[in-house]
Amino acid sequence: RKARLGELPHPVLHDTAWVLEHGGEPHPAAAATSGRPALSLAPATQSDGSLCASDNSSLGAVGLTVRERARAHLKFGNLCARSGKLERALEHYASAASVDPTFAAPRYNCAGVCQRLKRFSEAIVHYEAALALKPGSVEAATNVVVAHLNAGQQLSSSGQPAESLSHYRAAADKCHRALRVQAAAFDAGWQPEAGRFNCEAFANLNIALRLCGEQQRAVDETWRQLDALSRGDDSGPAGARGL
């Protein structure tokens, strides 16, 4: 995936990609073996995206588990986000995270919405929280880099070069992590379709280094990675290190 400065990709909201943990709907196999009929989590919402009072109270009354309640809020948040009600989406994601603090998906989706709202520093906090809960999240590891690059651009545009440089340096450092996370996920069989090498993270590494004024290092990292790929080691640039 190409990523150029000025058109950095914003993360896609999770929904069905990680249906066992992220999706709004209960997993069919789980519903079939749970000993109770599958519950419809379709929301009854008001025009502003908020839950009707009856739906809000019924989440606990119908015997949902903590994770199922969190998934219900996650689904409501996704529906609000898709319809452009971003602040309301954040409220639902916050509710999901509060109901189940071990659930990474709401924090990831909070980050995605914060990116759309150009609240990049908040997005970084949420991505890091999602990673703390789910260290193997390739998406979070990759997109937190995008958030740092966006934050750097924003600060640079407002005349704060020192602050923007700190974000560019953090982006470069975290690109190495994203490369390692994707390689580990591939080796563990979690995301074989994505491949072992995180092309987006490596492209963003090159961007971040150039924005840091380290053009020669950007060139060197490219040659190191090509050498590593030729040797079958594509988990990250040789000698990967923090800035």
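Not measured: the values here are computed from a predicted model.
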Please say yes or no: joined through hydrophobic side-chain contacts below 4.5 Å, possibly via intermediate residues, are [X] and [Y] part of one cluster?
{"X": "Leu90", "Y": "Leu74", "result": "yes"}
{"X": "Tyr93", "Y": "Leu86", "result": "yes"}
{"X": "Phe197", "Y": "Leu209", "result": "yes"}
{"X": "Leu131", "Y": "Leu205", "result": "no"}
{"X": "Leu149", "Y": "Leu155", "result": "no"}

Is there side-chain contact between [X] and [Y], with at least one heavy-atom pair below 4.5 Å?
{"X": "Glu221", "Y": "Arg217", "result": "yes"}
{"X": "Ser164", "Y": "Gln153", "result": "no"}
{"X": "Pro106", "Y": "His73", "result": "no"}
{"X": "Leu79", "Y": "His92", "result": "no"}
{"X": "Lys174", "Y": "His148", "result": "yes"}
{"X": "Ser95", "Y": "Phe76", "result": "no"}
{"X": "Leu117", "Y": "Glu87", "result": "yes"}
{"X": "Val66", "Y": "Phe103", "result": "no"}

Query raised in the report: Is there a donor-acceptor contact under 3.5 Å from the side chain of Tyr168 to the main chain of Gly152?
Result: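 A pair under 3.5 Å: yes.
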
Report task. Would you confirm whether Gln154, through its side chain, and Lys118, through its main-chain N or O, come within 3.5 Å as a donor-acceptor pair? Result ->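 Yes.
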
For a quick test of reading the model, state the closest non-hydrogen atom pair linking [X] to [Y] and the distance between them.
{"X": "Ala151", "Y": "Ile124", "value": "CB-CD1, 4.4 Å"}
{"X": "Ala208", "Y": "Ala172", "value": "CB-N, 3.7 Å"}
{"X": "Ala141", "Y": "Ala178", "value": "O-CB, 3.6 Å"}
{"X": "Ala140", "Y": "Ser137", "value": "N-OG, 3.1 Å"}

Say you draw a straight line from [atom1] of [X] to [atom2] of [Y]; how long is it, rounded to the nearest 0.5 Å?
{"X": "Asn204", "Y": "Glu200", "atom1": "CG", "atom2": "CD", "value": "5.5 Å"}
{"X": "Ser158", "Y": "Glu163", "atom1": "OG", "atom2": "CD", "value": "8.0 Å"}
{"X": "Cys110", "Y": "Arg119", "atom1": "SG", "atom2": "CZ", "value": "9.5 Å"}
{"X": "Cys212", "Y": "Glu214", "atom1": "SG", "atom2": "CD", "value": "5.5 Å"}

**Report entry** Short side-chain donor-acceptor distance under 3.5 Å, Asn150 and Gln115
**Finding:**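 Looking only at side-chain atoms, Asn150 and Gln115 do form a donor-acceptor pair, the distance falling under 3.5 Å.
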
Query raised in the report: Under 3.5 Å, is there a donor-acceptor pair between the Asn206 and Arg210 side chains?
Result: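 There is such a pair (donor and acceptor under 3.5 Å, judged by atom type) between the side chains of Asn206 and Arg210.
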
**Report entry** Residue pairs passing the salt bridge (charged side-chain N to carboxylate O under 4.0 Å, His left out) test where at least one lies in residues 94-115, sequence neighbours excluded
**Finding:**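 Of all non-adjacent pairs touching residues 94-115, those that pass salt bridge (charged side-chain N to carboxylate O under 4.0 Å, His left out) are Arg67-Asp100.
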
Query raised in the report: For the side-chain contact (heavy atoms from CB on, under 4.5 Å) test, which of Asn198, Val181, Leu179 pairs with Thr142?
Result: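 When Asn198, Val181, Leu179 are each tested with Thr142, the side-chain contact (heavy atoms from CB on, under 4.5 Å) holds only for Asn198.
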
Charged N to carboxylate O under 4.0 angstrom, [X] versus [Y]?
{"X": "Glu128", "Y": "Arg177", "value": "yes"}
{"X": "Glu91", "Y": "Lys85", "value": "no"}
{"X": "Glu139", "Y": "Lys134", "value": "no"}

**Report entry** Partner residues of Asp220 under the side chain to side chain contact (heavy atoms under 4.5 Å, CB included) criterion, sequence neighbours left out
**Finding:**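 With sequence neighbours excluded, Asp220 shows a side chain to side chain contact (heavy atoms under 4.5 Å, CB included) to Gln216, Arg224, given in chain and number order.
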
Requested in this report: Begin with the C-alpha distance, continue with both residues' side-chain angles, and end with the deciding distance and a verdict on side-chain contact (heavy atoms from CB on, under 4.5 Å) for Asn143 and Tyr108.
Outcome: CA-CA 9 Å; Asn143 284 322; Tyr108 179 88; 2.8 Å; yes

